[in-house]
Structure formats: structure tokens, C-alpha cells
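FYI, the numbering just counts along the sequence from 1. This one's a predicted model, so the numbers in the text were calculated from it and none came from an experiment.
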Amino acid sequence: MDSIGYKPISIGHNAVTGEVVEWPWSEAAYSTMTIVGGADNSPRFALVDSIVKEVIQQDAKSVFQIRMGKPNSNEIAIPSDAISWSGQFSDPPSDVEDREIFIGNRIFFCSNYFGLLAQSKGVLRSELLPPTSYRWNLEGPLEGYRRAIENLDSDHPHKLSLQTELNKLDENIWYQSDSDGRCFYIDDTNDVYALAQNFLFAVWSFWAEIGKMDDPQPILLVIDMPKSLVKFSLDPEVTQVVIRALEILRYLSRETTTTMLLSSEMLYPAPELHFRHKIIFQSSEDGDFNLENEEINHYFGRDHIQYWLNHKSTSGILFDDLENVHFSFTPTKLS
């Protein structure tokens, strides 16, 4: 991999000292950042958008996004067979490094994808499809699910919808544009089980895409985190799936050339996932980290918190946990 041409990008400045803040996004030591703030009362989206555009200027192929909503008319659909491609291989030989992690990830994706589908339909997992198994020395677990679905009776109440799910997994769609890179869209829905399944689908597709790449290169993965999937009131079983999916992406940020940028209204679970950089703006009313809380803000130093209190809508606090520093921060585009 030739990393020449990948440069740090300016994302803002220290609001008190005026020092420029750069993010060497393509370097392993800087491979995790979360930007937290309210959807309507903070510059979170504007900062994420400016970072995406700066990285695309360096390499249009570097940006992948998982985001809520639907594609725009100017985006080109890019079908991907990466999930089915990654599912066709047998389990790795015993001497392969990280063999158990790879096996566990494939089982996790399959099992929970169809488990969440059952919960979304309001049926037991056993009512959706029978127990599955796969021939580990010939294939991956997805082929076991495929075989079980194909063997269902023609009058099985869920066979048609299960076949539709297999078709989605065989050809998942990313959308490409010059301004946003390659995006996977998650349908916004009040059904938290369907939302979690769609999020898992996006993570699975990205994980498979990284495995299929012939020439590894720096990748910036931007995740617009659905707020309802990181609420503390969420079904604990769903929370477990969401966090495990994020842990798989976090593993990619350590072991591959992937950098994670998590955009969210909630700080959780970035600290639990050991994200190095955190930029925290003004939160929404039900956010989990309020800079106005006196028990929190007295740690930041009077100058920095006073600046933030006077510029809530345009500034935040930046944390670098590796260097153990924090300071008031203003994004470049809002300076």
C-alpha cells in the first residue's frame, strides 16, 4: 500500500490558544474519533461533512459511510456480492492467525441477522426457520442458512420473505457519489428490531467489503449512529448485538487500514470502545453527556468552559485520551 498523498486534515482550532487542530486520519494511532452533538443545535453534521469532503479530495475511494435515510438522485447504485463471497469459504485452517475471530464473526452476523428478523416479525426464531448447520470444511455458515431456507416447504409462511432476505445478502447495494463517497443507507423505522437488523446488515457488508479488497488502502468509515440503537432503554439483547457489531468495526480499525468516525447524539459507547478522540458539542435534551452539567464542566478549566458557554452553537470540547488533554474547540468551517 502506498500511503503517499494521504495527509492530515485541518478540522478546527483550540478556541483559547488559536492553535490549529489537525487529524492525521490515515495513521493507525489516530484511527478512532467520535463527534457527539444534538441533531439540531450543534455543528456535528457540518463538521462531519467537511471531514468527508477533505478526505475525498485526497482519495475519492477512501470514504465509506453508513447513514440513515435514502439515497439521492445523483448517487449511483453499486451492487456488492461481498457478503455471499465471504460466506462461500470454509473455515480457515487451525494455523491461521485470528481464525477463531473470523469464524465467530461469520456466525454472529448470520445468527443475529435472522434472529432480529424473527423479532421484527414477532415470531420465535424456531418458527421462522429450523436450526441450521454448515459444513465448516467446505463452506461458511451463510450457506447453511441458505440450505435450510431452500428446504422449507413451499407453503411455509415465511419462506418467501426469507428468500427475499437471501437476495438482499447476495446483492447488497451501496451508493456512490463524488461528494459523499460510498454510502450504505439504513431505512429509518420505529421498529427497533428492523432498525438493528438493517444496521447489522450495513456492518456485515462493510466487513465483507474490507475482506474482499485486493489492494488495502486507508479507508475512512463514517457511521451516522441511529440514536435509538444506543439508548440505555433499548432491549438488552439488541444492545448486545449493536455493541458487538461496533466491536467488529473497532477491531478492523486496529488490524486493517480502516479509520472509524462515529457521528452520534450519544457519547455511549465510544468510551467503552476506547475511541481516542472525542469532540463533544451541545447535546440534545436526552443526550448522555451534557457539558452544562457542573459536575462535568469543572474539569475543563475556566477559560475553556467559559468559551464554550459563550459559543454553544458553534464550539465544543475536544478530548484526546491518548495524550490526556482536552480543550475548547471550534471547527474550521465555523471559525
Side-chain angles (χ1 to χ4, degrees), residues 34 36-39 44 65-70 83 101 104-132 141-142 144-145 148-149 157-158 161-162 164-166 168-169 172 184-208 221-252 260 262-275 278 283-290:
T34 186
V36 180
R44 170 167 64 96
Q65 299 197 59
I66 295 173
R67 52 172 28 175
M68 301 289 290
K70 295 185 180 300
I83 288 178
I101 292 175
N105 286 346
R106 290 203 300 183
I107 293 174
F108 164 77
F109 283 127
C110 291
S111 174
N112 287 284
Y113 184 85
F114 289 101
L116 288 167
L117 178 64
Q119 289 177 293
S120 178
K121 289 180 175 293
V123 301
L124 297 175
R125 168 66 172 73
S126 58
E127 295 175 318
L128 185 67
L129 73 166
T132 63
L142 182 57
Y145 280 83
I149 292 169
H158 304 294
S161 63
L162 287 167
T164 299
E165 294 297 328
L166 282 178
K168 286 169 53 179
L169 294 174
N172 31 110
F184 193 110
Y185 286 93
I186 300 173
D187 289 336
D188 196 359
T189 173
N190 291 326
D191 180 349
V192 71
Y193 299 108
L195 183 63
Q197 184 200 20
N198 290 335
F199 178 72
L200 182 66
F201 183 23
V203 173
W204 190 359
S205 182
F206 178 78
W207 174 84
L221 173 63
V222 181
I223 305 165
D224 180 15
M225 195 68 208
K227 184 177 181 179
S228 58
L229 294 185
V230 287
K231 284 187 172 181
F232 294 118
S233 58
L234 185 63
D235 180 338
E237 291 185 5
V238 179
T239 295
Q240 188 176 16
V241 173
V242 171
I243 298 304
R244 172 70 189 280
L246 288 170
E247 287 174 346
I248 289 172
L249 296 178
R250 183 67 179 88
Y251 178 82
L252 290 180
M260 287 180 70
L262 190 64
S263 170
S264 179
E265 291 191 61
M266 309 288 279
L267 178 61
Y268 174 80
E272 289 77 5
L273 295 173
H274 305 292
F275 272 52
K278 306 170 187 68
S283 67
S284 54
E285 289 186 4
D286 57 349
D288 62 345
F289 194 91
N290 187 351

Inspect the surroundings of CG in Asp286 and state if more than 12 heavy atoms from other residues, nucleotides or ligands are less than 6.0 Å away.
-> yes

Do other residues, nucleotides or ligands put more than 12 heavy atoms under 6.0 Å from Glu237 CD?
-> no

Any chance you could measure Ser205, atom OG, to Leu200, atom CG, to the nearest 0.5 Å?
-> 11.0 Å

State, to 0.1 Å, how close Arg67 and Asp224 come at their nearest heavy-atom pair, and which atoms those are.
-> CA-CB, 3.8 Å

Is there a side-chain contact between Gln119 and Asp235, using heavy atoms and a 4.5 Å cut-off?
-> yes

Does Asp288 use its side chain to pair, donor to acceptor, with the backbone of Leu267 at less than 3.5 Å?
-> yes

Quick one: CG on Asp188 to CG on Leu195, what's the gap to the nearest 0.5 Å?
-> 7.0 Å

Quick check, are the ring centers of Phe206 and Phe184 under 6.0 angstrom apart?
-> no

Parallel, tilted or perpendicular: rings of Trp207 and Phe109 (30°, 60°) | tilted

Non-hydrogen atoms of Leu142 and Ile83 that approach each other most closely = CD2-CG2, 4.0 Å

Between the CG atom in Leu229 and the OG atom in Ser264, the distance rounded to the nearest 0.5 Å is 10.0 Å

Heavy-atom side-chain contact between Leu262 and Leu273 under 4.5 Å | no

Does the side chain of Val123 come within less than 4.5 Å of His158's, by heavy atoms?
-> yes

Examine Phe232 together with Tyr268 and report whether their ring centres are nearer than 6.0 Å.
-> yes

Heavy-atom side-chain contact between Pro269 and Val230 under 4.5 Å = yes

So, for Lys168 and Phe201, which heavy atoms are closest and what is the spacing to 0.1 Å?
-> O-CZ, 3.5 Å

Heavy-atom distance under 4.5 Å between the side chains of Phe108 and Val241, does that happen here?
-> yes

Which atom of Val192 lies closest to which atom of Ser228, heavy atoms considered | CG2-O, 4.4 Å

From Asn198 CG over to Tyr193 OH, what is the distance, rounded to the nearest 0.5 angstrom?
-> 15.0 Å

For Leu129 and Leu162, the nearest pair of non-hydrogen atoms, with its separation, is CB-CD1, 4.2 Å

In this structure, are over 12 heavy atoms from other groups packed under 6.0 Å from Lys70 atom NZ?
-> no

Got Met225 and Leu246 here, is their nearest side-chain heavy-atom distance under 4.5 Å?
-> yes

Pairwise side-chain contact, Phe289 with Lys278, heavy-atom cut-off 4.5 Å (strictly under) | no

First locate atom CG of Leu169, then atom SG of Cys110, and finally report the distance between them rounded to the nearest 0.5 Å.
-> 8.0 Å

Between Thr189 and Gln197, is any pair of side-chain heavy atoms under 4.5 Å apart?
-> no

Does atom CD of Gln240 have more than 12 heavy-atom neighbours from other groups under 6.0 Å away?
-> no

dist Glu272:CD -> Ile243:CD1 (nearest 0.5 Å) comes out at 7.5 Å

Arg125 and Pro130 have their tightest heavy-atom pair at NH1-O, 3.7 Å

